[in-house]
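Have a look at the structure below before the remarks.
Basis for what follows: all heavy atoms, side chains included, without hydrogens, waters or symmetry-related copies.
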Amino acid sequence: MSMVDTAVALCAVGAEKTVSNEIRKLGLKVLESGFGRVLFKTNVSGLYRSLMALRAADRVLLEVAWFEAQDFDALFEGVRHQLWEEYIPPHMGLKVAKVRTNRSALKAETSVQAVVHKAAAERLCVKRGINRLQEHGDMAELRVYIEKDKVSVLLDLCGEPLFKRGYRARGGPAPLRETTAAAIILGSGWRRKFSLYDPFCGCGTIAVEAAMYAWDMAPGLGRHFALEQLLLADIGIQRNVREELLSKVDFSRPVRIGGSDTDAASVAAANSNMEKAIALACGEAPPAFDSPPPSFKALPMHEASCAGVSAEAGEGFIITNPPYGHRLGDTGTAEKTYAEMGCLARNFPGWKLALITDHPGFESFFGRKADSCREITNGAIRSYVYQYEKL
């Protein structure tokens, strides 16, 4: 099956434009976007490409069905008439993982979940000549979105969400989601010709994502996807896409990325995660972080505060995730940190700054109004990305 038609990339609310741009750069057509979802047209090759290469998307789903339903009978028939046997192999069961309804006659999400499962299972049982689907073992996962009585039934192609790159062997107490970090980096305008520094590096997520982007290292090269178990899977296409993406990885590109943190354990985790990311992508032992590829010049990941590092000559970006005051410290401590961040203007004159925090009053504590501010979700936390064009 070469043509698939419509897929959906799920992302943080506020990252839709970034994900849409990524999809277009993969040569795929964006159909529409909004509220954490980007619909695009694709084929099987495009599915593998999006799963492996998208940096800011949390999941990629296949839209198997799209129809109108104002009651449960219409919902049941709409689902039952889909060709589930062309997607789900005989050895797999079925699970409806999530339901969302909005401005629709069908509001009871648990009832929608039960009806969708019953309809799809009935179709599969008839086609397979069995009485019931297995309830344990491998499961195909569905998601259902109903908006203004229009039903979209989606088949998950990821398994583990895409932010689980596989390199975070060690994490800090309040890590930034990898896909959110990538969205901030891509939205900041940073390019590899500029230095990048994270004064609150934690386990190094921003530094790792920036390095992967600079080296054109697709984030999903080192992991598996649920697509591989579905009938859509094509080992030949998967191999070709992976080899193509791997051929673009270029460690000869000079980049200057680094960070610091007051917690020594977090710094050790950051260095470890950078090494693990390279190993996963390339399928080989990574270079030691203190002996990276010849052109990689990194600011050291070291134990320090944002006041303890100064810029060398040249332009650069500070991209960071300062403490929110929830899992680390309290709100008062976080606000004091924001005020102390004024030192960045002295130590990094002329640099750009992009940061994420859940504090809507960050600017008043930092002492300067941002050039731009946009909302974005960081996991379940409503957050804001503040950008300063010049410190």
What pair of heavy atoms forms the shortest contact from Ile185 to Glu209, and how long is it?
CD1-CB, 3.8 Å
Side chain of Asp216, backbone of Asp250: donor and acceptor closer than 3.5 Å?
no
For the atom pair CG (Leu47) and OG1 (Thr42), what is the distance rounded to the nearest 0.5 Å?
4.5 Å
Cluster overlap Met92 with Leu154, hydrophobic side-chain contacts below 4.5 Å
no
Quick one: do His81 and Phe67 satisfy ring-ring contact (aromatic ring centres under 6.0 Å, His included)? Show the steps, please.
CA-CA 11 Å; His81 280 89; Phe67 56 90; 9.6 Å; no
For Glu68 and Ala74, which heavy atoms make the closest approach, and how far apart are they?
O-CB, 4.4 Å
Quick check for you: to the nearest 0.5 Å, what is the distance between Leu142 atom CG and Asp156 atom CG?
9.0 Å
In one Ile/Leu/Val/Met/Phe/Trp/Tyr side-chain cluster, 4.5 Å: Ile356, Ile206
yes
For the backbone of Arg128 and the side chain of Glu85, can you confirm whether one donor and one acceptor N or O come within less than 3.5 Å of each other?
no
Donor-acceptor pair, Gln134 side chain versus His136 backbone, under 3.5 Å?
yes
After noting the C-alpha distance and the side-chain angles of Trp84 and Leu94, does the key distance pass the side chain to side chain contact (heavy atoms under 4.5 Å, CB included) rule?
CA-CA 10 Å; Trp84 297 105; Leu94 181 68; 5.5 Å; no
Measuring only between side-chain heavy atoms, which start at C-beta, is Asp358 closer than 4.5 Å to Asn378?
no
Is the backbone of Gly36 close enough, under 3.5 Å, to the side chain of Glu16 for a donor and an acceptor to pair up by distance?
yes
Working note: Tyr87 + Leu231, criterion side chain to side chain contact (heavy atoms under 4.5 Å, CB included); need CA distance, chi angles, decisive distance, verdict.
CA-CA 5 Å; Tyr87 301 102; Leu231 296 178; 5.6 Å; no
What's the spacing between Phe40 CZ and Asp5 CG if we round to 0.5 Å?
11.5 Å
In Å, rounded to the nearest 0.5 Å, how long is the span from CG of Leu230 to CG of Leu232?
6.0 Å
Derivation and outcome, side chain to side chain contact (heavy atoms under 4.5 Å, CB included), residues Glu363 and Tyr388:
CA-CA 11 Å; Glu363 293 160 304; Tyr388 294 82; 3.7 Å; yes
So do the side chains of Phe251 and Met217 get within less than 4.5 Å of each other, counting heavy atoms only?
yes
Whether Trp190 side chain and Ile184 backbone form a donor-acceptor pair below 3.5 Å:
no
Below 4.5 Å, heavy atoms only, C-beta onward: do Cys125 and Asn131 meet side chain to side chain?
no
Under 3.5 Å donor-acceptor, Glu228 side chain and Phe225 backbone:
yes
Please confirm whether the backbone N or O of Arg55 pairs with a side-chain atom of Tyr213, one donor and one acceptor, at under 3.5 Å?
no
If we only count heavy atoms from C-beta on, is the Leu28 to Lys41 side-chain gap below 4.5 Å?
no
Evaluate the side-chain proximity of Glu340 to Lys336: yes if any heavy-atom separation is below 4.5 Å, no if none is.
yes
Using side chain to side chain contact (heavy atoms under 4.5 Å, CB included), reason through Leu162 and Leu51 one step at a time and then give a plain yes or no.
CA-CA 8 Å; Leu162 296 182; Leu51 286 166; 4.2 Å; yes
Would a distance-only check, ignoring hydrogens and angles, find a side-chain to backbone donor-acceptor pair under 3.5 Å from Ser383 to Thr377?
no
How long is the span from the CD atom in Gln387 to the OG atom in Ser188, to the nearest 0.5 Å?
6.0 Å
Connected via hydrophobic side-chain network under 4.5 Å: Val144 and Val60
yes
Is it true that the NZ or CZ of Arg37 lies under 6.0 Å from the centre of Tyr145's six-membered ring and within 45 degrees of the ring axis?
yes
Between the side chains of Arg382 and Glu375, is the shortest nitrogen-to-carboxylate-oxygen separation below 4.0 Å, so that they form an ion pair?
yes
Side-chain contact test, heavy atoms from C-beta onward, threshold under 4.5 Å: evaluate it for Pro322 versus Met341 and give yes or no.
yes
What distance do Ile376 atom CD1 and Cys11 atom SG have between them, rounded to the nearest 0.5 Å?
8.0 Å
Using modelled atom types only, decide if a donor and an acceptor are shared between the side chain of Asp149 and the backbone of Ala105 within a distance under 3.5 Å.
yes
Compare every heavy atom of Ala57 with every heavy atom of Thr179, then report the nearest pair and how far apart it is.
CG2-O, 3.1 Å
What about the rings of Tyr197 and Phe348, do their centers lie closer together than 6.0 Å?
yes
Note, Phe362 side chain near Leu355 side chain (heavy atom, < 4.5 Å)
yes
Using the side-chain contact (heavy atoms from CB on, under 4.5 Å) rule, pick out the option among Leu10, Leu157, Leu155 that qualifies with Leu61.
Leu10
Can you name the nearest heavy-atom pair linking Thr101 to Lys107, along with the distance?
OG1-O, 3.6 Å
Regarding Lys150 and Glu147, does a basic nitrogen lie under 4.0 Å from an acidic carboxylate oxygen?
no
So, Tyr386 versus Phe366, ring centres under 6.0 angstrom or not?
no
Should Ser50 and Ile23 count as side-chain neighbours, where that means a heavy-atom distance under 4.5 Å?
no
Tell me if the NZ atom of Lys390 is crowded by more than 12 foreign heavy atoms within 6.0 Å.
no
Any idea which heavy atoms bring Ala69 and Leu106 closest together, and the distance?
O-CD1, 3.9 Å
Would you name the heavy atoms of Ala233 and Leu227 that are closest together and state the gap between them?
CB-O, 3.3 Å
Thinking salt bridges, do Lys248 and Glu244 make one under a 4.0 Å N-O criterion?
yes
Would Tyr167 and Met52 show up in the same hydrophobic cluster when neighbours are defined by side-chain heavy atoms closer than 4.5 Å?
yes
Kindly say whether Ala56 contributes a backbone atom to a donor-acceptor pair with the side chain of Glu22 at under 3.5 angstrom?
yes
What about Leu39 and Ile146, same hydrophobic cluster or not, with Ile/Leu/Val/Met/Phe/Trp/Tyr joined at side-chain heavy-atom distances under 4.5 Å?
no
